[in-house]
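This report concerns only the one structure given below.
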Amino acid sequence: MTIAHLDQMNLCEAALAVAQGEVSSQQLTEHAINRLKEVGPKLNCVVSIHEEKALDSAYEADKVRSLGKPLGPLHGVPLAHKELFYRQGVVSNNGSIISEGFLPSETSTLLTRLDQAGAIDVGQLHMAEFAMSPTGFNLHYGHVKNPWNLAYCPGGSSSGSGAAVAARLVFGSLGTDTGGSIRHPAAMCGVTGIKPTWSRVSNYGSMPLSVSLDCAGPIARTARDCARLLSVIAGFDSNDLASSALPVPHYEDFLTGRLKGVKIAVPGAYYEQNQDEGVAQALKIALDTFSSAGAQVIHTKPPDMDVINRMMAIVLTVEAAAHHQAWISERPQDYAPQVLARFKPGFEFSGIQYFDAMSLRAKLTNEWLKAVLGDADVAFMPTIPVSVPSIAETTEGDWGNIAKKISVITHCNRGINYLGLPAISTPAGFANDLPVAFQLVGRHFDEAKLLMISDAYQRLTDWHTRSPMMA
């Protein structure tokens with residue numbers, strides 16, 4: 001199989017090719033390692049490459065197949081992940097100089113589950129400092145670059161994951177989403193990313209930012225790829241008692257391609273704010289695609305989002321500040337000023353305010369679902385309402401102006417984390433030669449429906465197949 005064929009395959013196609021003997025895991029893994037070495041530095045998206053271990057694992061994977069033994073759903077497929085997923089004995093810096101050289105004593109449950117499914121872990125990917133940036137900002141190790149245009153943001157905080165998947169370095173990656181950090185890079189890099197329902201996936205063995213909001217999930221090229229990865233990683237974990245014990249569906253079984261009878265709610269007002277012309281046009285075309293395929297589109301109006309966003313800000317910053325309290329007290333100079341500025345509000349809220357924010361969560365979620373979804377299956381909205389911003393405009397100049405740009409980027413995402421709802425970002429075109437995406441938001445634990453609708457859209461369009469300049 002030629003290199004061009006290897007680059008064109010998505011995750012599920014790669015797994016099938018290995019299972020059928022059309023390509024070996026060793027070939028795929030060697031190709032991934034070469035790409036990580038050659039292209040990774042240009043994008044600044046790679047932290048470390050586990051070359052020897054990965055090649056040994058690939059050799060064993062090929063041996064297992066040659067013996068006719070049962071194969072896992074990810075058998076022999078090379079993946080790489082956001083640096084904050086820990087593997088015992090492998091250094092993780094968490095994108096920071098404060099935890100530089102940290103050597104975990106445990107392995108993330110999610111990495112263990114991927115290992116058990118046959119995946120090959122080829123390395124760690126760069127991230128925003130302590131996962132606290134929606135653009136991919138990292139003053140200490142440099143910013144990850146967007147493979148569509150190196151002067152532009154890749155999205156964050158799972159910046160390396162989005163860039164590496166888009167540039168065809170690996171077939172998929174785990175990221176985390178506390179206020180949009182899977183959906184931002186998926187949208188800005190032109191790939192697919194799903195933030196599961198809070199508690200659907202274990203957080204054991206990964207760096208926390210806000211324990212009541214953090215969600216781990218996959219970034220890959222297609223909705224089907226994400227469905228396969230989510231089926232592997234989701235489910236109760238005795239090491240994380242907050243994880244849900246609800247059964248995990250086999251998500252690929254729901255990918256029927258059917259849209260007839262699906263009802264899609266399009267909330268106006270708040271979710272129409274800040275949209276630039278290119279994004280609005282791409283979203284209109286996407287909705288027309290859904291309508292033409294038999295989906296019913298209805299228009300709704302969200303409740304007061306100012307309240308939801310304020311509650312989200314309290315929970316996120318208080319929990320993050322609590323986690324970082326000692327470091328901020330002892331080593332404030334070792335935080336990037338932009339990152340420190342985003343942590344500091346957490347010290348200003350009172351315990352009563354935090355209690356109120358947590359207590360109101362169920363009530364505000366029910367109000368949002370009733371107003372936005374009603375009897376619809378999913379809500380449709382921008383992932384990011386503006387065109388992908390440049391690195392310069394999100395890092396240079398007055399912090400107040402930068403903060404406003406960051407607020408616009410997270411406009412449609414941060415409230416979804418507070419509500420604990422699942423959401424999937426799907427490529428939907430281009431504006432200014434950079435990717436545009438919509439997101440679908442569903443009810444708790446309704447990831448199957450999100451994946452079904454995203455997959456059906458991808459069967460009708462080819463945006464998710466487009467390759468950037470670095471591919």
Stepwise side-chain contact (heavy atoms from CB on, under 4.5 Å) test for L364 and Y418: CA-CA 9 Å; L364 293 175; Y418 174 74; 3.8 Å; yes
Criterion side-chain contact (heavy atoms from CB on, under 4.5 Å) on F137 and T394, from CA distance to verdict: CA-CA 8 Å; F137 176 86; T394 56; over 6 Å; no
Pair N366-R361, side chain to side chain donor-acceptor pair (under 3.5 Å): steps then yes or no: CA-CA 9 Å; N366 288 333; R361 201 169 180 182; over 6 Å; no
Stepwise side-chain contact (heavy atoms from CB on, under 4.5 Å) check, Y271 with V266: CA-CA 9 Å; Y271 291 106; V266 182; over 6 Å; no
T135 and S133: CA distance, side-chain angles, deciding distance, side chain to side chain donor-acceptor pair (under 3.5 Å) verdict: CA-CA 5 Å; T135 65; S133 168; 3.1 Å; yes
Trace of the side chain to side chain donor-acceptor pair (under 3.5 Å) decision for T426 with Q458: CA-CA 8 Å; T426 305; Q458 290 181 343; 4.9 Å; no
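Note that CG of D455 and SG of C226 are 10.5 Å apart. Values are rounded to the nearest 0.5 Å. Here NE2 of H464 is found 9.0 Å from CG of D225. Values are rounded to the nearest 0.5 Å. Separation of atoms CZ (R113) and CG (L174) is listed at 11.5 Å; rounding is to 0.5 Å.
Contact check for V232 versus L74: side-chain heavy atoms found under the 4.5 Å cut-off. For the pair H81/L125, no side-chain contact is recorded, criterion being any heavy-atom separation below 4.5 Å from C-beta on. For the pair L36/V122, a side-chain contact is recorded, criterion being any heavy-atom separation below 4.5 Å from C-beta on. No side-chain heavy atom of N10 sits less than 4.5 Å from a side-chain heavy atom of F171.
Among pairs with a residue in residues 46-58, those fulfilling salt bridge (Lys or Arg N to Asp or Glu O under 4.0 Å) read K37-E51, at least two apart in sequence or across chains. Applying the ring-ring contact (aromatic ring centres under 6.0 Å, His included) test to pairs two or more places apart or on separate chains, none has a residue in residues 26-63. Counting only residues at least two apart or on different chains, the salt bridge (Lys or Arg N to Asp or Glu O under 4.0 Å) pairs with a member in residues 421-448 are D446-K449. Listed by first and then second residue, the ring-ring contact (aromatic ring centres under 6.0 Å, His included) pairs involving residues 181-225 amount to none (not counting sequence neighbours). Within the structure, side chain to side chain donor-acceptor pair (under 3.5 Å) contacts touching residues 292-301 (residues at least two apart or in different chains) do not occur.
For A286 against A428, the heavy-atom pair with the smallest separation is CB-CB, 4.4 Å. Between Q124 and S48, the closest heavy-atom pair is OE1-OG, 2.6 Å. The two residues I264 and A295 make their nearest non-hydrogen contact at CD1-CB, 4.0 Å. Closest of all the heavy-atom pairs between L241 and S238 is CD2-O, 3.5 Å.
Between F430 and W148, the distance from one ring center to the other falls under 6.0 angstrom.
Among residues two or more places apart in sequence or in another chain, the side-chain contact (heavy atoms from CB on, under 4.5 Å) test is passed with T107 by R87, Q88, L111, T112. Under the side-chain contact (heavy atoms from CB on, under 4.5 Å) criterion, E38 pairs with N34, sequence neighbours left out. Every residue meeting the side-chain contact (heavy atoms from CB on, under 4.5 Å) condition with S206, not counting sequence neighbours, appears here in chain and number order: L84, F85, N203. Looking at residues two or more places apart in sequence or on another chain, you find a side-chain hydrogen bond (donor to acceptor under 3.5 Å, both in side chains) between K263 and D375. Residues passing the side-chain contact (heavy atoms from CB on, under 4.5 Å) test with Q273 are Y270, H411, sequence neighbours excluded. Residues forming a salt bridge (charged side-chain N to carboxylate O under 4.0 Å, His left out) with E30 (at least two apart in sequence, or on another chain): none.
Defined by atom type and a distance below 3.5 Å, a donor-acceptor pair is present between the side-chain atoms of S158 and K82.
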Quiz: residues 379-389 side-chain donor-acceptor pairs under 3.5 angstrom, not counting sequence neighbours:
unit_1, atom_1, unit_2, atom_2, d
T383, OG1, S425, OG, 3.0
T383, OG1, F438, O, 3.2
T383, OG1, Q439, N, 3.4
S387, OG, D276, OD2, 2.9
S387, OG, N432, ND2, 3.3

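Each of L110, V77, L79 was compared with L229 under the side-chain contact (heavy atoms from CB on, under 4.5 Å) criterion, and only L79 meets it.
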